Each structure stands twice: as C-alpha cells, then as structure tokens.
Amino acid sequence: MDTAISKAKEKELFGFTSPDALRELNHKKSRAMVSKITDLKSVIKKYVNEGDYLGIGGFGMDRIPAAALHEIVRQKKKHLTLAGHTATHDGQILCAGGCIDKVDAAYVVGIELLGLSPNYRRVFQEGKVKVTEWTNATLAWRYKAAAMGLSFLPVRSMLGTETFKHSRAIEYKCPFTGEIYALVPSCSPDIAIIHVPRADEYGNCQIDGITVSDSDLARASKKVIITTEEIISTESIRKEPERTVIPYYCVDAVVHVPYGSFPCNMPGKYYFDLEHLNEWNSAEKDLNTFEKFINNYIYEVKDWNEYLERCGGKKRLQELRSIELLTSSVIARSVSDEAIPIGIASPEPALSGANVARNDKSYNMTEFMICAASKVLEDNKTVVVGTGLPMLASMLAQKTHAPNLLLMFEAGGIAPLLPALPLSVGDSRTHYKSLVATSMPEIMETCARGMVDYAFLGGAQIDRFGNLNSTFIGDDYEKPKVRLPGSGGANDLASLCWNTIIIMKMDKHKFVEKLDFLTTPGYLTGAGTREKAGLPPGTGPLKVITDCCVLSFDKETREMEIESLHPGITLEEVQNRCSFKLRVGEGAKGRIGEILRTKEPTQKELEILRREIDPKGQVIGKAN
C-alpha cells in the first residue's frame, strides 16, 4: 500500500548513503585493535577531502573539535558540506576559511548568547552556500537512522511549516493509525570529527556529561577522527566500560590535543573564553580587519599550541579552568571584566509607567518580562529551556513559586543545580550536579512521548496564530536580507511539547501579518490546522510575554488576544506596535470595563533576579 502523501521536493539531499552501501563500507573497515594515534596535520590531510560531508561532534560552543577545524582552514580544504547541527563557532571557523558551500541547516550563523556572526551570515546572505533546512532533532534523528542501518525514520516535527518545505523530508500516512508523519532520510557523513575528554590509543572514548548526538554520529559516519584532551590506558577503559560512548571499531584516527575545544567550553576542564569569542565577532564586521585576524590566529601559526599562546597561553587557560571549576574569585573577574555579549543589548528604555533605573524600588522592562514569564511556569511541571530570557524566567520560577519545576536543556541536561547563568543550552552549567546528563535525541524523544509541559522560546517574527520565524528576514530565501539561525530545536519543541511559551519584545517588525518564513509552528492558520498537518493534538502556544502586554490565544479561533496590559501601557500603544488587529480577550476584562493589568515584579523577585541569577547584568543589564 502506498501511504506516501507528498513527494520529496527539489531541495538537494545532502549526506545520504543507502544502508546497504554503508554496510559494505563497514564490512571492509578493520576491527583490529591497533594504535590509531597520529598528529593533527597528517590526519586532516589524509582523511578530509574536498567535497566531503562533514559532521561535527559536541554542541554549538561546547566540546567542539576547534583545533581540527583550524587545521582544515589552514590546509585550505574546500567545497565541504556542513551538517549544521547547532553549528555555532565551528561553522564560524569553517566560513572564515571559505571551506563550505553546502549546508544542512538546523542552527547556523548564531553564536547563541553572543549574537549573530557577521561573516557567517555574510556567506549565507550572499548566496555562497546551498542550504537545505532541518531542525536539531531531525538532523540528530537522521544520524540515528543511519546508525540503525535504516534509510529513514518517521517523526512528528516540521509538519505544516516552511522548514518542512525547504527540507528533504516527505509526509507519510501511518499504515497503523492513519496519522501523518514526516519521514527524514538517514545521514551518513563522509567524515565525523569529535572532541572528547579521554580516549585510549585504539579510539575507545569516554565523554563527561551530555553526549548530544555523538554516539549516533560516530556510528553513522564513514570515517571518524577523535581529538582528545587526554590519552588514557585501555586498562582504565576496561575498569569502567559503561563510560565508553564511542568504541574503537568506529574510529579511524586519534589525536591528542589538549585544550582542543578552546575558545569553547570543555565540561570539567575549561570554560568559554568570552574575550576571544567577542574579539572574533568584532573583527568580522570589517573584512580587512577580519583578514588580519584570521592570518594572525590561523594561517600564520605553525600549530595549535602557538594559537593558544597567542590567545594568552597557560595563564589564560588556567583562568578558564578556574572559571569552569567555579573558583569564586576568578568567576567574578570573568564576568565583571567581560563586555556584555554581542547581541545582548542593554535593556531598552521602558515605556510609560516603568522606571528604568535599576535600584531597589524600580525595574526595567526586561526584568518585568522575565518576572511575568516566570509566573506562567507551574510547580511540578517540566520545561525545556532556551538561553537568555527563558533561562532567567525559569530559574526565577524555581527560586520563588515553583521549586519543583523540572528544567531540561535540549543538548541533554536534566534537572541541574545551576551554579550560574549558562551561556548556552549545552553549557556545562546545564548539567552541573544534574539528575541526568543524556543526549539530544533523548530530550526530544521525551517531548515526543508527551512528558514535557512547556517549551520556552523566542523568535524574530510572530504572527497572529503564534507561528514563529527564526530563519531569515527578506523576500529572497536564496539571498536573504538577514539570515537567522534557523529552527535549532524550536520547531521540534513547539511541535512536541504540550504548551509553548514565547517571550519577545513587541514592535510592528516582529508582530507581523505574514511571516517572511514559517520556521516553527504555532496554530498554523487557525483552529484544527495543527492536528490536520499531523502535529500532536492538544498542543500549541499558550502565552506570549512582551514588554507591553501578555497575550494568550482564543480557544475557538486560536488567534492571539490581549490577556493583560503592563502598568502604564494603553491599548492604543499595544495596537500601534502590532501589524495585525488584536482583540481583548474575555478574561482580560475587569469589573468596570477596564483591561486587567499584569502584576508588577515583587521586591523579592527583583532581589533574586539581580543578586542570585544575573548579578553582573549579562542579560538584564549592568547593575548600578
């Protein structure tokens, strides 16, 4: 019975190898336990070929094989296809060298809390790369399909969105239930490069904390290069076999590269170097400055150790280790001396009725939004949290009315005891003393099983039905005015979690009649359309928290409506900042016809927010 209900689109399918062809390649792969230790220059020269599909381990700015990527740039490898599976600084490095011309884009061009990379975006906006859209979960599941020896897996993400239309998934009607699924094709990278804390000479690898998708990536790929902080004995591996995430028979080469993830986070060993990452982003703004920057840090250095010396050497590396290990005196220096991350501006002046001075008796609108959003989160519920405002709101809820709120992070952290504000959803803080440190597929599959109450998201544009755009701004997809990161995990979470909470500032460019691109599903085109598209019933947007009002959704039409106005804000002000007509919800009407007002932050909430959660004002603005 033919149950396919739509055919694959014209978008190019990258990274696909038939299961039988992959079996043949694996059949020929040696199982001999021989030493695979080599050097970085040799391994990149031998195993990375022009035209290869490249899969990168770790997550965004966490446990990435930065040293290997520098060597790819230094050797001027070209025409690579990148698996943009939360490709942040890793993608930034490869774009700096002009190494890639095709991308499977789940999350690209963004450096999480540091904002958008100017040069990385430039490559997309000038049409220098061919792009096929995915999501973090669907790209991870593509690896999983290959690792299972299958050509596809059925999933319930992307349905009803333009992310789906610009992918190579197809719709499929389940022969057992009649439900609509998206079939995502397997992905078998030609080469995977994975950085780990420990490996033996044969390639048996241990990973501390979250594993993201590295177990499946190693098993799905045709060749695997391991870079490692430390070479340990096989006897040590055998003492704790349960810690072996990647076995030797998946691995082709092992390279000993201490600090190989710098300037990114290596859990348990060293934290981000925000100064250097900010320096990189700043240099990218001017092409001449950036050319000098890349020459200084990549082309003119003989090896990774010389690069580390140019970035501050042992002294700086020890400082980053102290930050990672939560040495208090160094933590204070690292935060107070760092500039506010690029893309996280100081709070905008508040609208009428809200004092922007940061003292014990006032608040700014960023603080107001965080406090209002935190109140939506209920105790004994589960939320998957993003960076920035959602992170602060969730932490505040835990410290006030919802102490049993279960926090999950899409890279794999579950129920951590957050010691400080994380800069990334894969940051080592997100699995510090956690109950579980697992993988991205496990987080997304937990959502798919109906066990997660809230997804907490933001976006660049939103429409009346709560659909979000985080892919591009403009009218030309191939050469967008502004390329944005893409779905990341947002599409998956909004598809699979019971409720979506959205937090974003309100203006006519963000609250639009028609999205430039529908990345993440809200209620699509109205009541019943999510379910018709194949998304799980009973799911969808719950609230939108803005800097002037709280919005909810009409139960009949599923259109956005005003639930409450913030103090001092008028209905006219709200409507002037929205491109579509907003009605006042029935629940927002007070006893004498006035619209209900959002509760102001309490003194306790502000104290917790300023003194415990973000004492250095990284998100809420510098403290007085």
Side-chain angles (χ1 to χ4, degrees), residues 59-62 85-88 106-116 135-137 140 157 163 210 212 265 341 343-344 366 369-370 372-374 376-377 381-398 405-416 418 420-427 429-431 440 443-444 446-447 452-462 466 468-471 484-505 510 519-522 541-546 613-614 618-620:
F59 181 90
M61 296 195 298
D62 305 273
H85 188 234
T86 313
T88 63
Y107 184 99
V108 294
V109 312
I111 316 296
E112 296 195 74
L113 266 183
L114 301 188
L116 302 177
T135 68
N136 275 349
S157 292
T163 304
I210 58 174
V212 196
N265 184 205
I344 307 300
T366 299
M369 291 169 70
I370 292 166
S374 74
V376 179
L377 299 167
K381 299 285 188 178
T382 303
V383 57
V384 178
V385 189
T387 49
L389 300 182
M391 189 94 69
L392 274 75
S394 299
M395 291 172 73
L396 181 60
Q398 275 193 326
L405 178 69
L406 174 61
L407 269 58
M408 291 186 175
F409 296 89
E410 68 171 275
I414 299 177
L418 293 170
L421 180 64
L423 299 179
S424 158
V425 294
D427 186 330
R429 298 342 188 200
T430 67
H431 49 93
M440 178 185 290
I443 297 295
M444 296 302 186
T446 300
C447 298
V452 178
D453 301 290
Y454 307 112
F456 206 159
L457 308 174
Q461 291 180 327
I462 189 169
L468 294 168
N469 172 26
S470 59
T471 301
L484 300 168
S487 166
N491 183 297
D492 310 301
L493 298 172
S495 296
L496 301 172
C497 296
W498 288 105
N499 299 292
T500 305
I501 302 167
I502 301 157
I503 185 167
M504 56 192 294
K505 292 187 176 181
K510 296 178 179 178
T519 309
T520 296
L542 177 67
K543 308 276 187 188
V544 182
I545 312 298
T546 80
I613 297 175
D614 191 13
Q618 291 178 279
V619 175
I620 62 177

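The structure presented is a predicted model; accordingly, all values stated were derived computationally and were not measured.
- Taking CE from M440 and OG1 from T86, the interatomic distance works out to 4.5 Å, rounded to the nearest 0.5 Å.
- Between A494 and L457, the shortest heavy-atom contact is CB-CD1, 4.0 Å.
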Inset, instruction - Determine, step by step, whether L542 and Y454 satisfy the side chain to side chain contact (heavy atoms under 4.5 Å, CB included) criterion, reporting the C-alpha distance in whole Å, the side-chain angles of both residues, the deciding distance to 0.1 Å, and the verdict. - result: CA-CA 9 Å; L542 177 67; Y454 307 112; 4.1 Å; yes

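- Annotation for A140 and H85: closest pair CB-NE2, 3.7 Å, computed over non-hydrogen atoms.
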Legend entry - Derivation of the side chain to side chain contact (heavy atoms under 4.5 Å, CB included) call for L405 and K381: CA-CA 5 Å; L405 178 69; K381 299 285 188 178; 4.3 Å; yes

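- The two residues L407 and P416 come nearest to each other via the heavy atoms O-CD, 3.9 Å.
- Between the side chains of S424 and E112, at least one donor N or O sits under 3.5 Å from an acceptor N or O.
- Using a 4.5 Å cut-off on side-chain heavy atoms (C-beta onward), P485 and L116 make contact.
- Side chains of T500 and I502 form a contact here, defined as non-hydrogen atoms less than 4.5 Å apart.
- Remark: A411 engages F59, I210 in a side chain to side chain contact (heavy atoms under 4.5 Å, CB included) (not counting sequence neighbours).
- Here the CG atom belonging to D62 is positioned 10.5 Å from the CZ atom belonging to R429, to the nearest 0.5 angstrom.
- Atom SG of residue C497 and atom CE of residue M444 lie 8.0 Å apart, to the nearest 0.5 angstrom.
- With rounding to the nearest 0.5 angstrom, the CG atom of N265 is 8.5 Å from the CE atom of M61.
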Donor-acceptor list for residues 486-493 side chains, cut-off 3.5 Å, not counting sequence neighbours:
unit_1	atom_1	unit_2	atom_2	d
S487	OG	N491	N	3.1
N491	OD1	M158	N	2.8
N491	OD1	S495	OG	3.2
N491	ND2	T161	OG1	3.4
N491	ND2	T519	O	2.7
D492	OD1	T135	OG1	2.6
D492	OD1	S157	OG	3.0
D492	OD2	T135	OG1	3.1
D492	OD2	A137	N	3.0

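- Atoms OG1 and CG, on T382 and L406 in that order, are 4.0 Å from each other to the nearest 0.5 Å.
- The CE atom of M369 sits 13.5 Å away from the CD1 atom of I620 when rounded to the nearest 0.5 Å.
- For the pair M504 and L389, the minimum side-chain heavy-atom distance is 4.5 Å or more.
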Inset, instruction - Decide yes or no on side chain to side chain contact (heavy atoms under 4.5 Å, CB included) for I414 and I443, but give the supporting numbers first. - result: CA-CA 8 Å; I414 299 177; I443 297 295; 3.6 Å; yes

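- For the pair M391/F409, a side-chain contact is recorded, criterion being any heavy-atom separation below 4.5 Å from C-beta on.
- Contact record, D427 with L423: OD2-N, 2.8 Å, taken as the closest heavy-atom pair.
- When all heavy atoms are compared, the tightest approach of P390 to T387 is CD-O, 3.3 Å.
- Between the side chain of T88 and the backbone N or O of G60, at least one donor-acceptor pair lies under 3.5 Å.
- Within the 4.5 Å cutoff, side-chain heavy atoms of L421 are placed close to those of L392.
- Of all heavy-atom pairs between L484 and S470, the closest is CB-O, 3.2 Å.
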Inset, instruction - Please assess V385 against M395 for the test side chain to side chain contact (heavy atoms under 4.5 Å, CB included), listing each intermediate value before the final yes or no. - result: CA-CA 10 Å; V385 189; M395 291 172 73; over 6 Å; no

